[in-house]
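Below is one structure; the comments refer to it alone.
Start at 1 and go down the list; that is how both ligands and their atoms are numbered. Worth knowing before you read on, the calculation uses all heavy atoms, side chains too, and leaves out hydrogens, waters and symmetry mates. Remember, predicted model here, so these are calculated numbers, not experimental data.
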Amino acid sequence: EGEDGFDISALLKETGDVTLDTGFVNTASCSSKITFINGDTGILRYRGYPIEQLAEHSNFLEVSYLLIYGELPTQEQADAFDARLRRHTLLHEDLKLFFNGFPRDAHPMPVLSSAVSALSTFYQDSLDPFDPEEVEISTIRLLAKLPTIAAYAYKKSMGQPFLYPDNSLSIPENFLRMTFGFPAEPYEVDPEMVKALDLLLLLHADHEQNCSTSTVRLVGSSQANLFASVSAGINALFGPLHGGANQAVLEMLATLHETGQDPAEFMRKIKNKETNQRLMGFGHRVYKNYDPRAAIIKKTADEILGKLGADDPLLDIAMKLEEVALADDYFVERRLYPNVDFYTGLIYKAMGFPTKMFTVLFALGRLPGWIAQWREMIEDPATKIGRPRQIYIGEGARDFVPIAQR
Ligand code: ACO
C-alpha cells in the first residue's frame, strides 16, 4: 500500500508486471558497441579507445568516422571521408530562406532543430532508414551541413550576411570562417582556435544513452528518418539539465562576477536549499567520481585560454567554486564533481562565441554520436519500437456524469 493509502498491488494486477524506473536510472534500453562508460572509475571509451588517447592523438574527423563506422580510418579512408564531407557543405538556397523567418533574437538551438527537421523536405531521396545507400548519403549530408546551419543561425542572430562554405577548408575551419568571417574580407583561420574547437567537439562526440541520444533512438525506433530523429535529439539537448548546462554555467559565473557575490556564500545557499538553483556544471547521472572529459578540459583550459589571449576572471571564480565543492560534505557525499560543461563555456567565450551558441557547439560535437547510435539501432534486428510502460495511479473506474450534474 502506498503512502496515500493507494493499493499498488491491486493496481499492478490490472496493469501487469512492470518496473518503475523514473529517469531510467537503472534500465538499459539497448545493447550497444559504440561507447563504454564506467561512472565509478571515470572511464570513457569510444569503440574501445580511451578518451584520453583520442584527445591526445586523434581529431574530430577521425573520431566521427570511428563512431559511425566502427574502426579508426586509414589515411586513405580519412581523406575520402573528408573530401566527401567538403562536397556537401552547401545549403539549398531555399533552406536559407528559413533563417529569415525566425526572429533575430531567437535562440539558435530551435533554429538548428527546425532547419535539420526541414532537411527531410529537401532530401526526399534519402529518407529510407533501411536503404544503406540512403542512410549513407543522409549521414554525409547531416555531418557536412550542420556546421553551415549552425554558422547561419549565428549570423542571423548577429544580423550579419551569410557566407558560402569554402570547401578548401576542413569542416572546423570552415565553420569558424562562416561564423566569424565577412563576405568581402579575407578570414585568417587561427590554428589555435581550430585545435581548441576540434578537441571540444571530439570530447562531446558520444556519451552512450544520454537524454538526447536516447531521444534520437526512441524517435528512430518508429522508423523515422535520420533528419527527423536528430532534430528531436537537438531539442532534447537544448534543456538546461543537459546540453543547455554549458550556457547556464557561464551565466552563473557572470552573475557571480557582476554581483561580486562570494562563491562560498553562493554554495552555502545552494546546499542549504535556500535557492532552487543548482551548481551548474556539477553532477552527472553516471559519473560519480570525476568526468574524464572535464579532467581533460581542465588540464587544457588554462593553456587554451592563454593561447587565445584570454585572461578571464570567470576562470578564477570557476576554480574557486570547484575548490569549495571538492572540500564540502554536501557535494562530496552526493559525489558531485565538475562535468564536461563546467569549463567548456569559458573556452567558447574566449573563442568569441556568445553564450547562446554554446549548446549549438555541443550539438555539432554530439552529431556523429547521434548518427552512430541511430544507425546501430536501425541495423539491429532486435530493435523494437520504443514504448515504455507506466504505472497508472489515477482514478479507478467510474461512471460518466452528465455535464449538468457535475
Ligand atoms: N548542484 C547542487 N546539488 C545537486 C546538483 C548540483 N549541480 N546536482 C545534483 N544535486 C543534488 C540534488 O539536489 C540531490 O540532492 P538531495 O538528495 O539532497 O535531494 C542529489 O544531488 C541527487 O541529484 P539528482 O537530481 O537526483 O541527480 P541526477 O542524477 O538525477 O541528476 C544532473 C544529474 C541532472 C546532471 C544533476 O547533477 C544536475 O542538475 N546538474 C546541474 C546541471 C548540469 O550541469 N547538467 C549537465 C549534465 S552533463 C551533460 O549533459 C553533458
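Of the listed options A245, G243, A294, G239, A245 places a heavy atom closest to atom 43 (C) of ligand 1. In this comparison of L203, T22, L241, D341, the heavy atom closest to atom 47 (C) of ligand 1 sits on L241.
Nearest protein heavy-atom neighbour of atom 42 (C) of ligand 1: M280 CE, 3.5 Å. Given atom 41 (C) of ligand 1, the protein heavy atom at minimum distance is F282 O, 3.4 Å. For atom 28 (P) of ligand 1, the nearest protein heavy atom (residue, atom name, distance) is R285 NE, 3.7 Å. Protein heavy atom in closest approach to atom 50 (O) of ligand 1: H242 ND1, 3.0 Å. Closest to atom 7 (N) of ligand 1, if we only count protein heavy atoms, is L279 O, 2.8 Å. Taking atom 24 (P) of ligand 1 as the reference point, the nearest protein heavy-atom neighbour is R278 NH2, 4.0 Å. Residue, atom and distance of the protein heavy atom nearest to atom 17 (O) of ligand 1 are R334 NE, 3.8 Å. Nearest protein heavy-atom neighbour of atom 48 (S) of ligand 1: H284 CD2, 3.6 Å.
Close N/O approach between P240 and ligand 1 is not found [any backbone or side-chain N/O within under 3.5 Å]. Some N or O of Y330 is nearer than 3.5 Å to an N or O of ligand 1, by distance alone. The shortest N or O to N or O distance between F331 and ligand 1 is not under 3.5 Å.
With hydrogens and angles disregarded, no donor-acceptor distance shorter than 3.5 Å links the side chain of S117 to the backbone of S113. Listed for the K155 side chain is a donor-acceptor partner under 3.5 Å among the backbone atoms of T179. Looking at D21, its side chain does come within 3.5 Å of a backbone N or O of T27 through a donor-acceptor pair.
Contact annotation for N210 and ligand 1: no heavy atom of the residue comes within less than 4.0 Å of the ligand. Under 4.0 angstrom from ligand 1, there are no non-hydrogen atoms of V25. Residue L336 touches ligand 1 through its side chain alone, judged by heavy-atom distances below 4.0 Å. In F342, neither the side chain nor the backbone holds a heavy atom less than 4.0 Å from any atom of ligand 1. If you look at H207 next to ligand 1, there are no close heavy atoms at all, none under 4.0 Å.
Aromatic ring orientation, F362 versus H242: perpendicular (interplanar angle above 60°, classes split at 30° and 60°). The aromatic rings of F353 and F180 lie tilted to each other, with the angle between the two planes from 30° to 60°. The aromatic rings of F162 and Y152 lie parallel to each other, their planes meeting at an angle below 30°, with 60° marking the opposite boundary.
Between G23 and ligand 1 there is no heavy-atom distance shorter than 4.0 Å. A heavy-atom separation below 4.0 Å is found between K273 and ligand 1.
With hydrogens and angles left out, the side-chain atoms of N225 and S120 include a donor and acceptor closer than 3.5 Å. Using modelled atom types, one finds a donor on one side chain and an acceptor on the other under 3.5 Å when comparing S126 with R141. Side-chain contact, S32 with E208: no donor N or O sits under 3.5 Å from an acceptor N or O.
Using a cutoff of 4.0 Å between basic side-chain nitrogens and carboxylate oxygens, K320 and D316 are not scored as salt-bridged.
Residue-ligand proximity, V340 to ligand 1, at heavy-atom distances under 4.0 Å covers atoms 51 (C). Residue G281 has at least one heavy-atom neighbour below 4.0 Å for each of these atoms of ligand 1: 43 (C), 44 (O). Interface atoms of ligand 1 facing F362, defined by a heavy-atom separation under 4.0 Å, are 51 (C). Distances below 4.0 Å separate heavy atoms of I270 from the following atoms of ligand 1: 2 (C).
Seen from the ring of Y49, R47 does not count as a face-on cation partner, given the 6.0 Å and 45° thresholds.
Note that atom 22 (C) of ligand 1 has no protein non-hydrogen atoms nearby, at separations under 4.0 angstrom. For atom 26 (O) of ligand 1, no protein heavy-atom neighbour is found at a distance under 4.0 Å.
Other residues, nucleotides and ligands place no more than 12 heavy atoms under 6.0 Å from the CD atom of E188.
Scanning both residues, F266 and Q261, for their nearest heavy atoms gives CA-NE2, 3.7 Å.
Centroid-to-centroid, the aromatic rings of Y287 and H207 come within less than 6.0 Å.
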Item to check | Worked verdict on R375 versus E136 for salt bridge (charged side-chain N to carboxylate O under 4.0 Å, His left out) | outcome: CA-CA 10 Å; R375 289 173 62 135; E136 188 52 27; 2.9 Å; yes
